[in-house]
Amino acid sequence: MTDSKPITDFDRIIENCACSYCGNNCDDITYLIKDNHIVGVRNACRIGASKVISDQDQRLKNPMIRNKEGILEEVSWTKAIDETVKVLKESMRPVMYGWGETSVEAIKEGLKIAMKIGAVIDNQSTICHGSTIQAFQNIGHPVLTLGETKNRADMIIYAGTNPMEDHPRHMTRYTAFPEGLFRPNGRKDRFVMTWDPRYSNTAKCSDKWVKYNHDEDYAFLTALRMAVNNHKLNKKVIAGISAEEIYKIADQMKNVECGSLYFGLGLTQTLAKQRNIDILIQLVQDLNKYTKWAMLPMRGFFNVNGFNMIMTSITGYPYGVDFARGYPRYMIGETTTIDLLNRKEPDVFMAVSTDPGIQFPGQTLKHLIDIPVIQIDTHWGPLTELADIVIPSTRIGVETCGTSYRMDSVPIYMKKIIDKPENCKSDEEIFNMILNKLGGKN
């Protein structure tokens with residue numbers, strides 16, 4: 001972030017910090033500290049910097065429980081944890097949701113609680129890249145790291161995603177603009193293409209914008225795959241794109257030295273959903289008969305991928321894992337949060353480092369009015385208005401150290417920058433307290 005005026009009033013500088021905004025996990029951030037407050041941020045994008053600078057706005061600083069009059073009142077930590085444990089022990093169908101903005105260490109402790117009480121544990125993948133994970137399980141994942149793109153890729157494709165708005169440093173730090181080992185001239189050594197029905201800011205920065213019809217992603221990708229495999233297209237126009245143009249795109253993709261494809265919710269949330277990613281993976285596999293290609297999903301929250309990694313390594317399943325029978329089960333549409341709430345199954349809902357109040361459909365949120373809601377988070381939000389128990393936590397990579405997984409599954413250590421607010425505890429501490437009250441660690 002570039003300040004309008006240079007900041008000169010600070011006590012110390014802390015360099016090489018990791019950002020806790022998005023799946024980029026940029027680890028070259030510099031913080032300027034004065035009196036245990038961050039007064040300046042260097043190298044971060046505008047969103048990451050503003051998130052840190054505005055950290056104290058609407059901050060939760062004390063545990064709260066909703067009284068009989070329906071008002072949240074501050075209580076001691078002991079009372080808040082005791083009440084949380086009581087609610088969890090009495091529940092028959094608890095759901096623990098969120099985890100995208102907390103550490104791997106906290107996720108592991110939360111998983112122990114889910115196992116002990118027979119809960120469903122789920123994260124934001126259920127409403128964003130869940131279909132991507134299903135496709136990877138079905139077909140495979142031609143994977144690469146962001147470093148490989150920076151050093152090797154001479155073609156970058158953004159499909160159904162707009163990193164200029166959602167991941168502002170992705171193009172400048174990892175793909176289009178940086179000077180790499182084998183791409184020393186940066187942007188001059190790369191060809192950037194955007195596939196999107198909309199003329200986004202990313203498309204404006206690209207060498208080529210491919211506009212296809214909304215909800216016809218699958219048709220476009222299938223035709224492109226046919227062209228890559230030298231099959232004849234029987235229609236002159238497919239998904240709003242001429243057959244001639246599709247042949248040209250296929251030829252471009254086959255004649256690069258190294259290609260990197262990044263895709264987002266513009267593919268996972270349109271009509272074909274998982275099938276869009278299925279065919280996209282097969283397209284990349286076909287391209288690897290001619291040259292080197294790989295692909296990555298553009299993950300949103302800074303550790304949403306970490307949850308999937310940890311859950312898969314421990315339980316065998318990436319999200320929406322149900323321990324009601326004493327062992328992990330995973331069924332899309334059955335053990336995923338939106339479906340559970342729509343069927344009014346949960347009798348307790350715990351939100352961890354997330355706010356379903358701005359993520360879930362209104363119809364889904366209605367059930368939360370009728371059941372106990374526990375919020376473990378750093379800031380006041382729409383869910384706080386529904387919560388019966390509010391527990392204040394800390395910011396990973398700012399007030400608490402921890403580990404996260406970048407969108408390319410590279411683990412990033414996020415160090416502590418400043419001291420936490422006096423009466424807040426880290427997510428890991430909170431889950432340790434709950435676990436001990438439930439009867440000790442597994």
Query raised in the report: How would you list, by chain and number, every residue that makes a side-chain hydrogen bond (donor to acceptor under 3.5 Å, both in side chains) with K204, sequence neighbours excluded?
Result: N201
Query raised in the report: Is R152 atom CZ crowded by more than 12 heavy atoms from other residues, nucleotides or ligands, each under 6.0 Å away?
Result: no
Report task. Tell me, with the steps shown, if D166 and H170 meet side-chain contact (heavy atoms from CB on, under 4.5 Å). Result -> CA-CA 9 Å; D166 301 327; H170 197 269; over 6 Å; no
Query raised in the report: Under a 4.0 Å N-O cut-off, is there an ion pair linking K437 with E83?
Result: no
Requested in this report: Check the surroundings of atom CZ in R325: do more than 12 heavy atoms from other residues, nucleotides or ligands lie under 6.0 Å from it?
Outcome: no
Query raised in the report: Parallel under 30°, tilted from 30 to 60°, perpendicular over 60°: which one fits the rings of F136 and H141?
Result: parallel
Query - Pairs satisfying salt bridge (charged side-chain N to carboxylate O under 4.0 Å, His left out), at least one member in residues 346-368, at least two apart - result: none
Report task. Taking atom NZ of K273 as the centre, report whether more than 12 heavy atoms of other residues, nucleotides or ligands fall under 6.0 Å from it. Result -> yes
Query - K79 atom NZ: more than 12 heavy-atom contacts under 6.0 Å - result: no
Query - Evaluation steps, side-chain contact (heavy atoms from CB on, under 4.5 Å), between I121 and L111 - result: CA-CA 7 Å; I121 183 167; L111 179 55; 4.3 Å; yes
Query raised in the report: Looking only at atom types and distance, does a side-chain atom of R187 sit under 3.5 Å from a main-chain N or O of R190, one as donor and one as acceptor?
Result: yes
Query raised in the report: Taking only residues two or more places apart in sequence, or in another chain, which ones meet T149 in a side-chain hydrogen bond (donor to acceptor under 3.5 Å, both in side chains)?
Result: S260, Y262
Requested in this report: Taking the side chain as every heavy atom from C-beta outward, state whether T378 and R59 have any atom pair closer than 4.5 Å.
Outcome: yes
**Report entry** Qualifying residues under side-chain hydrogen bond (donor to acceptor under 3.5 Å, both in side chains), relative to S91, sequence neighbours excluded
**Finding:** none
Report summary line: Applied to residues 94-103, the salt bridge (charged side-chain N to carboxylate O under 4.0 Å, His left out) test, sequence neighbours excluded, yields K51-E101
Query raised in the report: Short question: side chain of D122, backbone of G320 - any donor-acceptor pair under 3.5 Å?
Result: yes
Requested in this report: Quick one: which residue pairs count as a salt bridge (charged side-chain N to carboxylate O under 4.0 Å, His left out) with a foot in residues 69-78, not counting sequence neighbours?
Outcome: none
**Report entry** salt bridge (charged side-chain N to carboxylate O under 4.0 Å, His left out) contacts touching residues 367-395 (sequence neighbours left out)
**Finding:** D55-R395
Report task. Scan for ring-ring contact (aromatic ring centres under 6.0 Å, His included) pairs involving residues 17-43, sequence neighbours excluded, and state none if there are none. Result -> none
Report task. Could I get the full list of side chain to side chain contact (heavy atoms under 4.5 Å, CB included) partners for D28, not counting sequence neighbours? Result -> C26, N43, R169, R173
Query raised in the report: What are the two closest heavy atoms between M311 and P318, and how far apart are they?
Result: CB-O, 3.6 Å
Report task. Taking all heavy atoms of G306 and all of I107, pick out the closest pair and write down the distance. Result -> C-CD1, 4.4 Å
Query - ring-ring contact (aromatic ring centres under 6.0 Å, His included) contacts touching residues 63-93 (sequence neighbours left out) - result: none
Report task. Please name all residues satisfying side-chain hydrogen bond (donor to acceptor under 3.5 Å, both in side chains) with T194, sequence neighbours left out, ordered by chain then number. Result -> S206
Query raised in the report: According to the interplanar angle, ranging from 0 to 90°, do the rings of Y330 and Y319 count as parallel (below 30°), tilted (30 to 60°) or perpendicular (above 60°)?
Result: perpendicular
Report task. Fit a plane to each ring of Y199 and W209, take the angle between them on a 0 to 90° scale, and name the class: parallel (under 30°), tilted (30 to 60°) or perpendicular (over 60°). Result -> tilted
Requested in this report: Apply the test side-chain contact (heavy atoms from CB on, under 4.5 Å) to residues W99 and I310: give CA-CA distance (whole Å), side-chain angles for both, the deciding distance (0.1 Å), then the verdict.
Outcome: CA-CA 11 Å; W99 313 96; I310 296 304; over 6 Å; no
Query raised in the report: Take atom CE in M92; do more than 12 heavy atoms of anything else shown fall under 6.0 Å from it?
Result: no
Query raised in the report: Taking only residues two or more places apart in sequence, or in another chain, which ones meet F360 in a ring pair (Phe, Tyr, Trp, His ring centres under 6.0 Å)?
Result: Y97
